[in-house]
Chemist: 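Encoded as C-alpha cells, here's the structure I'll be asking about.
Computation of the quantities below employed the complete heavy-atom set of this structure, encompassing side-chain atoms and omitting hydrogens, waters and symmetry-equivalent molecules. Just follow the structure's listing: the first ligand is 1, and inside any ligand the first atom is 1.
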Amino acid sequence: MSELHQLTLTGLARQLREKKVSATETAQHFLGRMRAHQDLAAFLAVDEEATLAQARAADAALAAGAAGPLAGVPIAHKDIFVTKDFVSTAGSKMLADYRSPFDATVVRRLAEAGAVTLGKLSCDEFAMGSANESVAVPAVGHRAPTPVRNPWDRSRTPGGSSGGSAAAVAARLAPAASGTDTGGSIRQPAAFCGITGIKPTYGRASRYGMIAYASSLDQAGPMARSAEDCALLLSALCGPDLDRDSTSLDVPAEDFSRSLNDQLDGLRIGIPKEFFGAGLAADVRAAIDAALKEYEKLGAKLVEISLPRTELAIPVYYIIAPAEASSNLSRFDGVKFGHRTEKYSDLLEMYRNTRAEGFGDEVKRRIMVGTYVLSHGYYDAYYLQAQKIRRMIADDFQQALRQCDVIAGPVAPTVAWQIGDKADDPVAAYLADIYTLPASLAGLPGMSVPCGFGANNMPVGLQLIGNYLQEAKLLNIAHRYQQVTDFHLRTPGGY
Ligand code: GLN
C-alpha cells in the first residue's frame, strides 16, 4: 500500500486490473497523501465522498470484468475544467462557488475510461500566468489564496498556469493530472516540476467545458510521470466532439501507445538556433545538450534549423491571447452566473462593481490590453498585424519541418524561480514564455520531458515539437529516451 504512489500510472492501472489493489484502497491512499501535503496548496477542491463513490463504481466494473483502460486510476483535474461533482473556480473569485451542471468532455472521457476524480487542482486565475501566483481562491486547508509550491523546493514556483497539476504529480499526490496549455501551461510547469506533459495538436482534445481563456490557443492534455503514462491518458481524452466544440478536429481517436517502442535510427532532430541564444541559462543549456547527446546515441541525427520569428512570438501572443480573453471574459457580468456585487444602484454599476471585485489584477490587465488592441484605430495596427505574423510563425515551422522530423530545445530559459520573483514585473514573466509560445501560435503538438537538473538541483525539461497530429511520434521519441534515463522517475525529497 505505502508504495502505491511510487508506481507509474501504467503500473498502477495494471495492479488494479490484476486486482492486486482495489480502486477504493487506491483512492483512500491518495486522499491521505493529499491531506498530508496540504502545505503545497495544490488542491482547490476535494470531496472525499464523491471520490470514494467513483472508486466503488470502478471496483464494481473491475469485478464485472467490464472495466475501461483506466479503471480505478485516480486523476486530479486542473480547476479550469468544469465538473458536476466538484466546485469549478478557474482560480477566480468570480467563480468561487460555481458548480457546473455537466462535466467537461475531457473529464467525461477519462471517467468513461474508468478514472476516478481525486479533486480539483490550483491554477492561475483563468489560466493566465506562469507561476501559479495569481490564483484568487484559497487552497484546501488554507484560509487565504496561496501560491502553489514546487515540491523540489517549496520556496520556488511550480510554474503555471497548471502549477497545481505539476506539483501534485511531482509530489505523488496523484498519478496523473489534466492540464491546459494556451501558451505553455502544460509544458512549463511539467519542466519546472520534473514530470512529463503533452499538449496535443490544437483541436485534438475538446474544449467543451474548459473555461475559456484564448479560444484559438487553448488545448487540454495530460501531465504524468512518463511518456508511456501520457500516451495512455491521451488515447482516452482525445477524439472528435463536433457537436460541442466547433474547433474540434474530425480525426478519429487513436492509440497513442502503438509506436512507443519504435526505433529512432535515422531520426532527424531539428535544433532551432533561436532557442539557444543569449537568454538561455547555462545550466538549462547543459542539461539540454546532454539530452541531445543521448539521442545521438539512440541513432538520431541533429540538424540545425531556424525559426526566425521566435522573438516575435511574445508580442504576437500577448496581443492575440488578451484580445480573445477580453471577449471570452465578457460573459462574467454578474447576470448569468458567478459573483455578483452587493453594491449597486443601477445595471451599469452592477456590471462595474461585479467585475472590479471578481477579477484579479492580471486578469484585469489582460482585459485592458485585449480591448485596447481590438479597439477602433488600433485593431489594424496591433491585432491584424499580430494575426499576420502568427501565420508566418506557422509557416516557419512548416519550412523547418521539411528538414527534420521533430524539433527539440528547452521548454523555458531557466529553472523554476523563487515565488514572488517576477510578481511585480509581468513583462519579465511574459518573456520567459519565449520557447513555448511559437508551437502554441502554430497549433502544433509539444511536450516536455524531464532531462536533468540545473542550478539548485531544480528539474529541467526538454521540449519536443512535432508536426500536426504527430503526437504518437513525439511520445515514441520521449519514451525511448525515458528507457535509457531515469530523470522522470526521481522523486523530490520528502515525498
Ligand atoms: N504564461 C502564459 C500566459 O500567461 C501561458 C498560460 C497558459 O498556457 N495558460 O498566458
Chemist: By number and element, which atoms of ligand 1 are closer than 4.0 Å to a non-hydrogen atom of Tyr318?
Modeler: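 Heavy-atom distances to Tyr318 below 4.0 Å select 1 (N), 2 (C), 3 (C), 4 (O), 10 (O).
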Chemist: Relative to the heavy atoms of Ala127, which atoms of ligand 1 are at a distance of less than 4.0 Å?
Modeler: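 That gives atoms 6 (C), 7 (C), 9 (N) of ligand 1.
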Chemist: Who's the nearest protein heavy-atom neighbour of atom 7 (C) of ligand 1, and how far?
Modeler: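 Scanning the protein heavy atoms, the shortest distance from atom 7 (C) of ligand 1 goes to Ser185 OG, 2.4 Å.
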Chemist: Would you please indicate yes or no on a ring centroid separation below 6.0 angstrom for Tyr378 and Tyr372?
Modeler: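 Here the rings of Tyr378 and Tyr372 have centres that are less than 6.0 Å from each other.
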Chemist: Test Ser440 against every option in Arg187, Arg390, Lys199 by the side-chain hydrogen bond (donor to acceptor under 3.5 Å, both in side chains) rule and name the one that passes.
Modeler: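 Single pass found, and it is Arg187.
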Chemist: Quick check: Met128 and ligand 1, any N/O pair under 3.5 Å apart?
Modeler: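 For ligand 1, there is no N or O atom that lies under 3.5 Å from one belonging to Met128.
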Chemist: Could you tell me if Thr196 and Gln482 have a donor-acceptor pair between their side chains, going purely by distance under 3.5 Å?
Modeler: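 There is such a pair between these side chains.
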Chemist: Could you check whether the rings of Tyr295 and Tyr481 sit parallel, tilted or perpendicular, using 30° and 60° as the cut-offs?
Modeler: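 Ring orientation, 0 to 90° scale: parallel.
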Chemist: Take atom CZ in Arg391; do more than 12 heavy atoms of anything else shown fall under 6.0 Å from it?
Modeler: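 Not buried by this count: 12 neighbours or fewer within 6.0 Å.
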Chemist: Give a yes/no on ligand 1: does Arg366 have at least one heavy atom closer than 4.0 angstrom to it?
Modeler: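 So Arg366 counts as touching ligand 1.
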Chemist: Would you check if there is a donor-acceptor pair between the side chains of Ser100 and Ser88 at a distance under 3.5 Å?
Modeler: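 Their side chains do not contain a donor-acceptor pair, so the 3.5 Å distance test is not met.
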Chemist: What atoms in ligand 1 come closer than 4.0 Å to a heavy atom of Tyr213?
Modeler: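 By the 4.0 Å cutoff, the relevant atoms are 3 (C), 9 (N), 10 (O).
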Chemist: Show the atoms of ligand 1 that are less than 4.0 angstrom away from any heavy atom in Gly129.
Modeler: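 Those atoms are 1 (N), 2 (C), 3 (C), 4 (O), 6 (C).
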Chemist: Considering heavy atoms of the protein only, find what lies nearest to atom 5 (C) of ligand 1 and give residue, atom and distance to 0.1 Å.
Modeler: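 Looking only at protein heavy atoms, the one closest to atom 5 (C) of ligand 1 is Tyr317 OH, 3.4 Å.
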Chemist: Would you say that more than 12 heavy atoms from the other residues, nucleotides or ligands in this model lie under 6.0 Å from the CD of Glu311, or not?
Modeler: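 Counting other residues, nucleotides and ligands, CD of Glu311 stays at 12 neighbours or fewer.
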Chemist: What protein heavy atom sits nearest atom 2 (C) of ligand 1, and how far off is it?
Modeler: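 Protein heavy atom at minimum distance: Asp433 OD2, 3.2 Å.
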Chemist: May I ask you to check if ligand 1 and Ser130 share an N or O to N or O distance below 3.5 Å?
Modeler: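 For ligand 1, there is an N or O atom that lies under 3.5 Å from one belonging to Ser130.
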Chemist: Below 4.0 angstrom from a heavy atom of Gly183, which ligand 1 atoms are there? Numbered from 1 as shown, please.
Modeler: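 Counting from 1, the qualifying ligand atoms are 5 (C), 7 (C), 8 (O).
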Chemist: Do any heavy atoms of Gly184 fall under 4.0 Å from ligand 1?
Modeler: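 True for this residue.
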Chemist: Any ring-ring contact (aromatic ring centres under 6.0 Å, His included) pairs touching residues 194-226, not counting sequence neighbours?
Modeler: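 Residue pairs with at least one partner in residues 194-226: Phe102-Tyr208.
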